[in-house]
Amino acid sequence: QGQLVESGGGLVQPGGSLRLSCTASGFTLDYYAVGWFRQAPGKEREGILCISASDSSDGSTYYTDSVKGRFTVSRGTSKNTVYLQMNDLTPEDTAVYSCATDLTGICPALPRMTIFRGQGTQVTVSS
């Protein structure tokens with residue numbers, strides 16, 4: 001049975017960077033669009049951005065304007081890993097970050113992916 005596992009979270013100072021990983025087992029992540037989400041304390045889960053399948057020309061889709069210019073998504077060479085590079089982090093980026101896929105090749109217009117979702121990794125931005 002497939003699953004997604006996130007890693008790379010931690011404590012970082014404002015202005016710092018982190019790279020999160022989303023690794024799949026049980027299926028090949030390269031074939032599918034992968035979304036990144038976050039949930040801050042007391043807030044609803046928020047879609048951040050998505051990367052389409054590796055053979056798609058659609059590229060990535062941003063769901064949150066606040067991360068444009070700071071966050072990027074990419075695929076690893078292993079075909080089973082997707083990365084979220086986060087730069088210029090602020091305390092408002094503090095949240096549990098998770099990845100998900102609905103086993104389709106194109107990023108959805110709305111950030112809803114529920115078939116496979118990881119447990120998440122904590123990112124805390126604080127001085």
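Nothing fancy with the numbering, it's 1 onward along the sequence.
- Heavy-atom minimum distance, Ser52 versus Cys107: N-SG, 3.5 Å.
- Not counting sequence neighbours, the partners of Arg70 by the salt bridge (charged side-chain N to carboxylate O under 4.0 Å, His left out) test are Asp93.
- Membership of the apolar cluster around Met113 extends to Phe37, as traced through chained side-chain contacts below 4.5 Å between ILVMFWY residues.
- Hydrophobic clustering (side-chain heavy atoms under 4.5 Å, transitive across Ile, Leu, Val, Met, Phe, Trp, Tyr) groups Tyr31 together with Val73.
- Annotation: side chain of Trp36 is not in contact with side chain of Ser98 (no heavy-atom distance under 4.5 Å).
- Under a 3.5 Å cut-off, the side chain of Asn80 and the backbone N or O of Leu29 do form a donor-acceptor pair.
- Listed by first then second residue, pairs satisfying side chain to side chain donor-acceptor pair (under 3.5 Å) with a partner in residues 106-122 read Gln122-Thr124, not counting sequence neighbours.
- The stretch residues 49-69 participates, sequence neighbours left out, in no ring pair (Phe, Tyr, Trp, His ring centres under 6.0 Å) pair at all.
- Partners of Thr77 according to the side chain to side chain contact (heavy atoms under 4.5 Å, CB included) rule, which considers only residues two or more places apart in sequence or in another chain, do not exist here.
- Using modelled atom types, no side-chain atom of Gln3 and backbone atom of Gly118 make a donor-acceptor pair closer than 3.5 Å.
- Taking the side chain as every heavy atom from C-beta outward, Tyr32 and Val82 never approach each other to under 4.5 Å.
- Cys99 SG to Ile51 CD1: the interatomic distance, rounded to the nearest 0.5 Å, is 12.0 Å.
- Annotation: salt bridge (charged side-chain N to carboxylate O under 4.0 Å, His left out) contacts of Lys43 (sequence neighbours excluded): none.
- Under the 4.5 Å side-chain heavy-atom criterion for Ile, Leu, Val, Met, Phe, Trp and Tyr, Ile48 and Val96 are members of distinct hydrophobic clusters.
- Legend: residues meeting side chain to side chain contact (heavy atoms under 4.5 Å, CB included) with Val123, ordered by chain and number and at least two apart, are Leu18, Leu20, Met86, Tyr97, Val125.
- Every ring-ring contact (aromatic ring centres under 6.0 Å, His included) that Phe116 has, sequence neighbours left out, goes to Phe27.
- One finds the CG atom of Leu4 at 11.0 Å from the CD1 atom of Ile115 (value rounded to the nearest 0.5 Å).
- Hydrophobic cluster membership for Val5: none, as no Ile, Leu, Val, Met, Phe, Trp or Tyr side chain comes under 4.5 Å of it.
- Applying the salt bridge (charged side-chain N to carboxylate O under 4.0 Å, His left out) test to every pair with at least one member in residues 72-88, sequence neighbours left out, gives these pairs: Asp30-Arg75.
- Ser17 and Asn87 form a side-chain donor-acceptor contact under 3.5 Å, judged by distance and modelled atom types alone.
- Among Thr94, Leu84, Val67, the one residue that satisfies the side chain to side chain contact (heavy atoms under 4.5 Å, CB included) test with Arg38 is Val67.
- Proximity of a side-chain donor or acceptor of Thr101 to a complementary backbone N or O of Ala33 within less than 3.5 Å is detected.
- Listed by chain and number, the residues in a salt bridge (charged side-chain N to carboxylate O under 4.0 Å, His left out) with Asp55 amount to none (sequence neighbours excluded).
- Applying the ring pair (Phe, Tyr, Trp, His ring centres under 6.0 Å) definition to pairs two or more places apart or across chains, none involves residues 76-96.
- Here the straight-line distance linking atom OG of Ser57 with atom CD1 of Ile106 works out to 7.0 Å at 0.5 Å rounding.
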